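Notes follow the structure.
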Amino acid sequence: MAASPRGSSPVPPDARPRLTVLSGPSGVGKSTVVAHMRKVHPEVWLSVSATTRKPRPGERHGVHYFFVDDEEFDKLVANGELLEWAEFAGNRYGTPRRAVLDRLEAGEPVLLEIDLQGARLVRESMPEALLVFLAPPSWDELVRRLTGRGTEAPEVIERRLAAAKIELAAEAEFDTTLVNTSVEDVARELLALMKVA
Ligand SMILES: Nc1nc2c(ncn2[C@@H]2O[C@H](COP(=O)(O)OP(=O)(O)O)[C@@H](O)[C@H]2O)c(=O)[nH]1
Ligand SMILES: Nc1ncnc2c1ncn2[C@@H]1O[C@H](COP(=O)(O)OP(=O)(O)O)[C@@H](O)[C@H]1O
C-alpha cells in the first residue's frame, strides 16, 4: 500500500486554485474586471484590504477598503493581522489575514487584488496560489485609462506610472497574463482560471 504523507492530503492535479491573486498596474482595469466578475458570480469572495489611502468619491469603508490612519495600520502590522502588506505610491495597503484564512478553510474561492510586492509575498508564503497578471493592451491605453478615470492628481498619476513600468517588467513572474481589452472576456477568463465557471 502506498504511504501518504502524514498530516497532508494528496492534492489532485485538477484541484481548484483556492487562492487567486490578481495584480497589474494602476489603471489597467483590475477593479472594473473584478466588479463585473462579481456581478455574474457573487459567490467569488474578494478580500477587502486595509489602506492608509484616502477614499475616492464613491468608495465605502468596509466595501472597497478599510480606510485606516497610519497609527491603525501600524497596529494591524504589529499584531500580525495582515497576511501581507506593502507601500504603494505613498500609501500602505494590506490584506487582513483572518478573513482570507477562514474562507480558504471553508473551501471557498478567494481572490486578492494586490500589487506586485504583495503578489511576491503571497507566492512565498502560499506557493499554491495562482498569480494572474492583468496587462493593458498598450502603454498609451494604460495612460489613457489612468488619466481618464480622473481620480488622481497629476503628480499621483506620475508616481503610479513610474510604478507601472516596474510592474510591467515583472509580468514573467506570474503564472499567467490576461490582456484587458474587453472587460467581459477577461472576467470570463479569470473565472475559468479560478475554476468557478
Ligand atoms: N500589497 C497589497 N497591495 C494592495 C492591497 N490592496 C490594494 N493593493 C494594490 O495597491 C495598488 C493601489 O491601489 P489603489 O490605490 O486602490 O489604486 P488603483 O489600483 O489605481 O485602483 C493597486 O496595485 C492595488 O492592487 C493589499 O492589501 N496589499
Ligand atoms: N477593458 C477596458 N476598456 C476600456 N476602459 C477600461 C477597461 N477596463 C477598465 N477601463 C477603465 O479604465 C479606468 C481604470 O480602471 P480601474 O478598474 O479603476 O483600474 P485599476 O483598478 O486597475 O486601477 C476606469 O475608468 C475604467 O472604466
Side-chain angles (χ1 to χ4, degrees), residues 19-39 46-68 72-73 76-77 81-100 110-126 129 131-153 156-168 170-171 173-174 177-190:
L19 177 63
T20 304
V21 172
L22 182 68
S23 289
S26 186
V28 70
K30 300 179 298 296
S31 308
T32 307
V33 165
V34 168
H36 182 77
M37 190 176 105
R38 297 187 72 217
K39 212 163 68 189
L46 174 73
S47 162
V48 178
S49 298
T51 183
T52 58
R53 167 165 81 61
K54 297 281 170 285
R56 295 174 187 146
E59 282 185 333
R60 289 181 16 231
H61 183 80
V63 176
H64 299 93
Y65 281 108
F66 295 106
F67 295 99
V68 299
E72 286 168 305
F73 201 97
L76 292 174
V77 174
E81 289 181 47
L82 301 179
L83 186 66
E84 59 74 37
W85 70 272
E87 183 162 339
F88 180 90
N91 296 299
R92 287 184 291 168
Y93 301 79
T95 304
R97 182 195 300 278
R98 193 64 259 159
V100 169
V110 166
L111 183 63
L112 306 184
E113 194 226 287
I114 60 177
D115 85 322
L116 170 65
Q117 307 164 79
R120 285 174 172 157
L121 291 168
V122 169
R123 165 130 291 165
E124 272 172 35
S125 62
M126 302 171 110
L131 267 51
V132 180
F133 188 78
L134 191 63
S138 68
W139 175 260
D140 288 352
E141 175 62 15
L142 179 67
V143 176
R144 253 194 304 278
R145 285 183 191 172
L146 187 54
T147 316
R149 189 170 68 188
T151 50
E152 272 82 27
V156 178
I157 290 180
E158 283 313 311
R159 282 182 93 162
R160 284 165 178 259
L161 288 175
K165 290 209 170 100
I166 296 167
E167 295 185 293
L168 289 170
E171 182 188 328
E173 293 178 35
F174 287 74
T177 293
L178 300 176
V179 179
N180 183 16
T181 305
S182 146
V183 172
E184 291 77 15
D185 288 353
V186 172
R188 201 174 315 115
E189 286 159 1
L190 189 56

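For clarity, every value in this text was computed on a predicted model and none was experimentally measured. Counting convention: from 1, in listed order, for ligands and their atoms alike. Values reported hereafter were calculated over all heavy atoms of this structure, with side chains retained and with hydrogens, waters and symmetry mates removed.
- Residue contacts with ligand 1 for Gln117 are absent, since no atom lies close enough (heavy atoms, distance under 4.0 Å).
- For the pair Val63/Val48, no side-chain contact is recorded, criterion being any heavy-atom separation below 4.5 Å from C-beta on.
- Contact annotation: the side chain of Phe66 never approaches that of Glu72 to less than 4.5 Å [non-hydrogen atoms, C-beta and beyond].
- Taking 4.5 Å as the limit, every side-chain heavy atom of Asp115 sits out of range of all side-chain heavy atoms of Tyr93.
- Scanning Arg144, Glu152, Arg149 for the heavy atom closest to atom 24 (C) of ligand 2 points to Arg149.
- Proximity of Phe88 to Arg160: side-chain heavy atoms (C-beta onward) are separated by under 4.5 Å at one or more points.
- Here the side chains of Pro136 and Arg144 are not in contact, with every heavy-atom distance at 4.5 Å or above.
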For Arg149 and Arg56, what are the C-alpha separation, side-chain angles and deciding distance, and is it a side-chain contact (heavy atoms from CB on, under 4.5 Å)? CA-CA 11 Å; Arg149 189 170 68 188; Arg56 295 174 187 146; 3.1 Å; yes
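- Neither the backbone nor the side chain of Arg92 comes within contact range of ligand 1; no heavy atom lies under 4.0 Å.
- When Lys30, His36, Arg145 are ranked by how near their heavy atoms come to atom 12 (O) of ligand 2, first place goes to Arg145.
- Closest of all the heavy-atom pairs between Thr177 and Ala135 is CG2-CB, 3.9 Å.
- The protein atom (non-hydrogen) at minimum distance from atom 20 (O) of ligand 1 is Ser26 OG, 2.4 Å.
- Ligand 2 is approached by Ser26 to a heavy-atom distance shorter than 4.0 Å.
- Every atom of ligand 2 with a heavy atom of Val183 under 4.0 Å away is listed here by number and element: 1 (N), 2 (C), 7 (C), 8 (N).
- The ligand atoms of ligand 1 that sit less than 4.0 angstrom from a heavy atom of Ala86 are 1 (N).
- Selection from Asn180, Leu146, Asp185, Leu134 by nearest heavy atom to atom 1 (N) of ligand 2 gives Asn180.
- Under a 4.0 Å criterion applied to the non-hydrogen atoms of Pro25, ligand 2 contributes the atoms 22 (O).
- Distances below 4.0 Å separate heavy atoms of Lys30 from the following atoms of ligand 1: 19 (O), 23 (O), 25 (O).
- Set against the non-hydrogen atoms of Gly118, the atoms of ligand 1 under 4.0 Å away are 1 (N).
- Distances shorter than 4.0 angstrom do not occur between any heavy atom of Gly24 and any atom of ligand 2.
- Within the set Phe88, Trp85, Phe66, Tyr65, the minimum heavy-atom distance to atom 16 (O) of ligand 1 is found for Tyr65.
- The closest side-chain heavy-atom distance from Phe133 to Glu173 is not below 4.5 Å.
- Taking only non-hydrogen atoms, the option from Ser49, Gly27, Gly29 nearest to atom 6 (N) of ligand 1 is Ser49.
- Judged by distance alone, the side chain of His36 and the main-chain N or O of Glu184 form no donor-acceptor pair under 3.5 Å.
- Listed by atom number, the atoms of ligand 1 under 4.0 Å from Arg53 heavy atoms are 14 (P), 15 (O), 16 (O).
- Arg92 contributes no side-chain N or O that, together with a main-chain N or O of Thr52, makes up a donor-acceptor pair within less than 3.5 Å.
- When only interatomic distances are considered, the shortest N/O to N/O separation between Gly29 and ligand 2 falls below 3.5 Å.
- For a threshold of 3.5 Å applied to N or O pairs, the pair formed by Glu113 and ligand 2 contains no separation below that value.
- Atom 21 (O) of ligand 2 has Ser31 OG, 2.7 Å as its closest protein atom, hydrogens excluded (heavy atom only).
- One N or O on the side chain of Ser23 and one on the backbone of Ile114 form a donor-acceptor pair closer than 3.5 Å.
- Between Leu82 and Phe73 the shortest side-chain heavy-atom distance falls below 4.5 Å.
- Checking side-chain atoms of Asn180 against main-chain N and O of Val28 turns up a donor-acceptor pair under 3.5 Å.
- Salt bridge annotation for Arg120-Glu84: absent, with no cationic side-chain nitrogen under 4.0 angstrom from a carboxylate oxygen.
- In this structure, of Arg149, Glu167, Arg160, the residue bringing a heavy atom nearest to atom 17 (O) of ligand 1 is Arg160.
- Annotation: atom 14 (C) of ligand 2 to nearest protein heavy atom, Gly27 O, 3.4 Å.
- Near Thr181, with a cut-off below 4.0 Å to any heavy atom, the atoms of ligand 2 are 1 (N), 2 (C), 3 (N).
- Judged by distance alone, the side chain of Lys30 and the main-chain N or O of Pro25 form a donor-acceptor pair under 3.5 Å.
- Given atom 28 (N) of ligand 1, the protein heavy atom at minimum distance is Glu84 OE2, 2.7 Å.
- Of the protein's heavy atoms, Glu113 OE2, 3.9 Å lies nearest to atom 24 (C) of ligand 1.
- Across the listed options Thr32, Thr147, Val179, Val34, Thr32 owns the non-hydrogen atom lying nearest to atom 26 (C) of ligand 2.
- With Val21, Val48, Asp115 as candidates, the residue nearest to atom 9 (C) of ligand 1 on a non-hydrogen basis is Asp115.
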